[in-house]
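Residue indices begin at 1 and follow the sequence shown. Just so it is clear, the values below take in all heavy atoms, side chains as well, and ignore hydrogens, waters and symmetry mates. In this text, all values refer to a predicted model and were calculated from it rather than measured experimentally.
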Amino acid sequence: MKAIKLGIIGSGNLGVHLCRAFSSSNDIDVTLFSRSGQNTGLINDLKNVVIEIDQGPLTNEYDVLILAVNDSSIQDVAAQNKENGALVLHASGSTDISAIGAVREKDYGVIYPLQTFHIENELTYADIPFLIEADSVRNLALITRLVELIGAKVHIMSSENRRIMHLSAVIVNNFSNHLYALSELFLTSKDLPFDLLLPLINETANGIGQRRPSEIQTGPAKRGDKQTIERHLYMLKENSDLKKIYHQMTLSIEALYRKR
């Protein structure tokens with residue numbers, strides 16, 4: 001079976017990681033298209049990656065084009081390539097498949113890797129679930145082959161369900177990281193090290209991998225320790241934002257476990 005000719009448009013965090021992932025397979029030939037050349041130096045040493053400083057309409061020599069661009073740019077970039085014979089995919093969790101379907105009659109879909117991407121981080125791509133959608137069974141099969149060539153897991157999912165997964169991802173990733181940031185700022189203001197919390201953070205994450213989150217909940221809100229909660233709120237009297245979050249989270253935890 002011939003190698004898949006893959007074009008990736010966009011060289012931000014996601015585009016660079018997709019290059020790293022798909023260029024790991026000898027059965028995928030990868031070309032990265034970058035308008036500005038941003039971050040392309042980070043992938044110059046990867047095999048099977050050709051870098052083109054261009055993001056205009058592309059030729060028909062590709063089997064698949066992935067639009068690794070901002071959500072607001074997906075339809076415009078798809079429209080630029082509406083005559084291209086490739087299967088055109090976007091990689092967004094929150095954008096409907098119709099963003100491409102509105103400008104192409106056929107051969108379009110979604111390939112959304114459910115992960116957070118930072119260029120400097122190394123990832124095991126086989127551990128990342130890819131949520132896919134396409135306009136036809138034939139194109140679903142092509143996306144599935146593409147993902148399976150890097151050893152990753154495929155989950156066929158509608159746009160509506162993918163948006164639900166993306167919302168949940170924002171809650172578990174973005175929101176939890178924001179709590180870490182607030183905690184770090186609070187500790188810094190007290191000249192205390194945030195690093196002392198890292199074993200606790202890691203243990204919590206590891207626990208979620210073994211049991212349901214609701215089964216490993218601990219703390220004063222779950223056990224109804226009003227005295228400790230009031231003490232914590234008093235300690236946060238000069239940090240109104242963190243105090244509001246603490247209070248709201250406490251109410252939410254109490255409500256959840258009153259139902260059990």
Side-chain angles (χ1 to χ4, degrees), residues 1-70 73-92 95 97 99-101 103-113 115 117 119 123 125-126 128 130-156:
M1 191 174 290
K2 71 180 183 70
I4 296 175
K5 297 201 69 174
L6 171 64
I8 297 173
I9 300 177
S11 59
N13 286 326
L14 177 58
V16 169
H17 269 287
L18 290 176
C19 280
R20 289 174 180 165
F22 291 117
S23 66
S24 67
S25 170
N26 292 325
D27 294 312
I28 305 173
D29 295 331
V30 180
T31 300
L32 174 70
F33 294 91
S34 174
R35 179 175 297 168
S36 63
Q38 174 190 15
N39 300 320
T40 54
L42 296 171
I43 57 173
N44 272 324
D45 59 341
L46 294 180
K47 62 181 180 179
N48 297 339
V49 177
V50 176
I51 299 173
E52 298 285 350
I53 309 301
D54 183 18
Q55 207 166 309
L58 305 182
T59 65
N60 282 304
E61 61 186 68
Y62 297 93
D63 299 307
V64 180
L65 294 177
I66 298 179
L67 313 184
V69 298
N70 293 333
S73 300
I74 287 173
Q75 193 164 83
D76 288 342
V77 178
Q80 289 175 11
N81 294 281
K82 66 180 181 179
E83 303 300 329
N84 195 294
L87 170 59
V88 178
L89 312 174
H90 76 63
S92 167
T95 302
I97 189 174
I100 300 180
V103 296
R104 288 179 65 88
E105 292 184 2
K106 62 177 183 176
D107 296 330
Y108 57 91
V110 181
I111 182 170
Y112 170 53
Q115 183 55 275
F117 293 100
I119 286 179
L123 296 173
Y125 297 102
I128 299 174
F130 280 73
L131 313 186
I132 71 169
E133 187 177 9
D135 66 321
S136 70
V137 173
R138 178 179 64 86
N139 286 329
L140 276 176
L142 178 53
I143 305 171
T144 298
R145 181 183 170 222
L146 186 67
V147 174
E148 290 181 345
L149 283 172
I150 60 172
K153 295 290 181 63
V154 171
H155 299 267
I156 299 172

Using every non-hydrogen atom in the two residues, find where [X] and [Y] come nearest and quote the distance to one decimal.
X      : Y      : result
Ile128 : Ala152 : O-CB, 3.7 Å
Ala91  : Leu14  : CB-CD2, 3.6 Å
Lys5   : Glu61  : CD-O, 3.4 Å
Ser11  : Val16  : O-CG2, 3.6 Å
Arg145 : Lys2   : NH2-O, 3.3 Å
Cys19  : Ile8   : N-CD1, 3.7 Å

Whether the side chain of [X] engages the backbone of [Y] through a donor-acceptor N/O pair (distance < 3.5 Å, no angle test) should be reported.
X      : Y      : answer
Ser24  : Ala21  : yes
Asp135 : Asp107 : yes
Asn13  : Ile119 : yes
Asn84  : Leu58  : yes
Glu133 : Gly109 : no
Arg104 : Asn81  : yes

Query raised in the report: Side chains of Ser73 and Asp76: do they bring a donor and an acceptor to under 3.5 Å?
Result: no
Query raised in the report: Can you find a side-chain donor-acceptor pair between His90 and Tyr108 that sits under 3.5 Å?
Result: no
Query raised in the report: Ile132 and side chain to side chain contact (heavy atoms under 4.5 Å, CB included): which partner among Asn139, Leu140, Leu89, Val110?
Result: Leu140
Report task. Applying side chain to side chain contact (heavy atoms under 4.5 Å, CB included) between Ile66 and each of Ile143, Ile9, Leu6, report the one that passes. Result -> Leu6
Which value, rounded to the nearest 0.5 Å, describes the distance between [X] atom [atom1] and [Y] atom [atom2]?
X      : Y      : atom1 : atom2 : value
Leu18  : Phe117 : CG    : CZ    : 6.0 Å
Phe130 : Gln115 : CZ    : CD    : 10.0 Å
Asp27  : Leu149 : CG    : CG    : 5.5 Å
Ser25  : Ile4   : OG    : CD1   : 7.5 Å
Ser23  : Ile150 : OG    : CD1   : 9.5 Å

Query raised in the report: Quick one: does Ile74's side chain get under 4.5 Å of Ile100's, heavy atoms only?
Result: yes
Query raised in the report: Which is it for Arg138 and Leu142 under the side chain to side chain contact (heavy atoms under 4.5 Å, CB included) test, yes or no, and what are the steps along the way?
Result: CA-CA 7 Å; Arg138 178 179 64 86; Leu142 178 53; 5.8 Å; no
Query raised in the report: Using 30° and 60° as the class limits, which term best fits the ring planes of Tyr62 and Phe33: parallel, tilted or perpendicular?
Result: perpendicular
